[in-house]
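For reference, the structure discussed in these notes is given below.
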Amino acid sequence: MSEANTSETAAVSIHHLSKSFDDVEVLRDVELEVKTGEVVTIIGSSGSGKSTLLRCINWLEKPDRGSIHIAGQRIGVHEDGRPMPVRELAKVRAQTGMVFQGFNLWPHLNVLHNVTEAPIHVQGKSKREAEELATALLEKVGMSQKHDSYPNTLSGGQKQRVAIARALAMQPEVMLFDEPTSALDPELVGEVLAVIKDLSAEGYTMVMVTHEMAFARAVSDQVVFLEKGLIIERADPETFFTTPKTDRVRKFLENHDTPSSA
Amino acid sequence: MSNWDILWDERAQFLSGFLSTLEIFGLSIVGAFVIGCGLLYLLEGSRKRLTMPLRIFIDAMRMLPFLILAYLLYYGLPSIGIRLDAWWSGVGALAVYHGCYFAEIFRGNRLTFPPGQIEAAQAHGFTKGKLFFRLLLPQIIMQTRPLLGNQLIYALKDTAFLVIITVSELTAAANSLSSTYFIPTEAFIVVIGFYWAISVAMEIIIKQCGRFSAKRGFDNV
């Protein structure tokens with residue numbers, strides 16, 4: 001399939017990515033490379049295009065121009081410009097695990113089956129294998145007591161931890177987090193951040209959109225600041241948070257100066 | 001010998017009419033359900049070229065009196081060379097007619113289905129078929145359960161129309177007894193009892209199914 005890739009070891013590599021909604025340019029010539037094992041945080045004010053960028057990575061949004069490779073494989077279109085058939089697209093998508101702001105668990109399935117659903121019915125794993133994996137992952141996110149519960153009985157933090165286990169069950173090349181704590185009560189944020197922090201310590205590759213600055217500083221290898229669809233600053237977290245280069249970022253950080261516990 | 005004794009002696013006719021109604025009803029609602037699900041599947045994410053004619057077909061069926069559809073299938077189809085016996089015309093008409101109603105009930109619910117769940121499925125590599133049958137359809141059925149129950153009662157009552165195209169079901173049994181012995185009141189009271197019995201049994205079953213969906217937070221009962 002797609003061999004024409006410049007960076008063979010990158011988990012995600014994005015080149016010249018542009019996207020408009022109607023006449024508004026949401027992403028402008030974005031370049032981003034996420035190495036395997038790396039945690040990249042995307043920061044920016046609302047409307048800056050950060051969620052769109054994340055959603056382009058697994059093709060929930062179709063970019064207008066540019067290319068995205070997941071572990072060396074092009075997503076969405078073939079190298080020669082042909083659109084990718086849905087089945088093939090689904091296969092590449094399954095290489096990414098996405099965690100949404102609104103959890104999006106499947107309410108008719110219990111916790112265990114939420115996690116085993118895709119491994120069994122997309123990846124074709126046996127029920128036993130999928131359940132063993134799910135059991136281990138639910139243990140990892142601290143939800144092993146809740147196998148038989150239905151999502152409607154869980155708190156927001158619990159739902160998000162199940163959603164993380166569900167995404168991990170695909171054994172993806174990269175985990176995508178779209179503001180995973182923004183819909184949570186403040187006192188439930190910590191339990192979800194703790195899980196994500198553990199994952200970063202275990203070496204998972206992650207791309208995350210977040211408003212939790214202290215958390216971003218603690219877990220990231222690379223911080224990217226998006227403004228009106230442009231990456232205007234990228235740096236390691238120490239540099240980014242202590243000596244930002246642009247006035248825009250300096251101002252943004254001043255408005256977010258309350259360090260939350262992470 | 002009272003009128004009721006006469007009917008008791010003729011109970012075999014009622015029973016065979018009752019069984020025939022049950023059979024017609026059972027077959028046609030299974031057919032209607034499959035047609036409803038099939039239409040919903042075809043409407044899901046298809047091109048306008050396909051969805052437009054389907055929507056027109058569904059609306060045309062819903063706006064048609066059931067009896068006329070039954071007439072059309074039984075008396076009209078032979079003129080284009082398709083000859084169905086009364087029984088199959090009746091089952092077919094019921095299945096198609098109520099299938100369109102099912103489709104419309106499902107579609108109404110589909111319009112308010114949370115898009116985030118579908119995105120989550122796509123992000124996990126689901127394609128249309130699996131997404132539809134594993135995630136969409138089960139939830140839509142759970143959510144539309146009370147409406148489906150209501151539609152089933154309509155379907156049951158529509159089976160009575162089939163007497164007009166000579167199907168020997170429950171109403172036909174009462175009809176024939178009432179004209180043989182001139183006891184319309186008693187004969188029809190008996191069939192009302194039968195229809196009520198089926199309806200009540202169905203209501204109980206539908207209600208029991210509600211516990212399944214209440215556990216998942218779909219019903220607040």
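What you see below is based on every heavy atom in this structure, not just the backbone, and it leaves out hydrogens, waters and symmetry mates. The chains referred to below are lettered A, B, ... by the order of the sequence lines, with proteins before strands, and numbering in each begins at 1.
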Closest heavy-atom pair and its distance - [X], [Y]:
| X | Y | value |
| --- | --- | --- |
| B:G125 | A:A94 | CA-CB, 4.3 Å |
| A:P107 | B:F218 | CG-CZ, 3.9 Å |
| B:T127 | A:V86 | CG2-O, 4.0 Å |

Who wins among A:N104, A:V92, A:N58, A:L89 for the most heavy-atom pairs under 4.5 Å with chain B?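 Top option by heavy-atom pairs under 4.5 Å: A:N104.
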Heavy atoms from other residues, nucleotides or ligands near [atom1] of [X] exceed 12 (cutoff 6.0 Å):
| X | atom1 | result |
| --- | --- | --- |
| B:R83 | CZ | no |
| A:E132 | CD | yes |
| B:Y154 | OH | no |
| A:Q145 | CD | no |
| A:K91 | NZ | no |

Side chains of residues 187-201 of chain B: which donor-acceptor pairs under 3.5 Å do they make with residues two or more places apart or in other chains?
from   : atom 1 : to     : atom 2 : distance (Å)
B:Y195 : OH     : B:E169 : OE1    : 3.4
B:Y195 : OH     : B:T171 : OG1    : 2.6
B:S199 : OG     : B:Y195 : O      : 2.9

Give, for atom [atom1] of [X] and atom [atom2] of [Y], the distance between the pair rounded to the nearest 0.5 Å.
| X | Y | atom1 | atom2 | answer |
| --- | --- | --- | --- | --- |
| A:R93 | B:Q122 | CZ | CD | 5.0 Å |
| A:S149 | B:R216 | OG | CZ | 12.0 Å |
| B:L131 | A:W106 | CG | CH2 | 8.5 Å |
| A:H113 | B:R134 | NE2 | CZ | 9.0 Å |

In terms of heavy-atom proximity below 4.5 Å to chain A, should B:K215 be classed as side chain, backbone, both, or neither?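 The answer is both parts of B:K215.
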With chain A as the partner, which of B:M142, B:E119, B:K128 has the greatest number of non-hydrogen pairs under 4.5 Å?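 Of the options given, most contacts go to B:E119.
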Residue pair B:K130, A:V122: steps toward the side-chain contact (heavy atoms from CB on, under 4.5 Å) verdict: CA-CA 8 Å; B:K130 288 245 169 80; A:V122 173; 6.0 Å; no
Indicate yes or no: at least one non-hydrogen side-chain atom of A:H108 is less than 4.5 angstrom from one of B:S213.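 No, their side chains stay 4.5 Å or more apart.
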Go through the steps for B:F126 and A:E117 under the test side-chain contact (heavy atoms from CB on, under 4.5 Å), then give the verdict. CA-CA 10 Å; B:F126 277 86; A:E117 181 70 10; 3.5 Å; yes
Measure [X] against the heavy atoms of chain B and call it side chain, backbone, both or neither at under 4.5 Å.
| X | value |
| --- | --- |
| A:M98 | both |
| A:A169 | neither |
| A:L176 | neither |
| A:R166 | both |

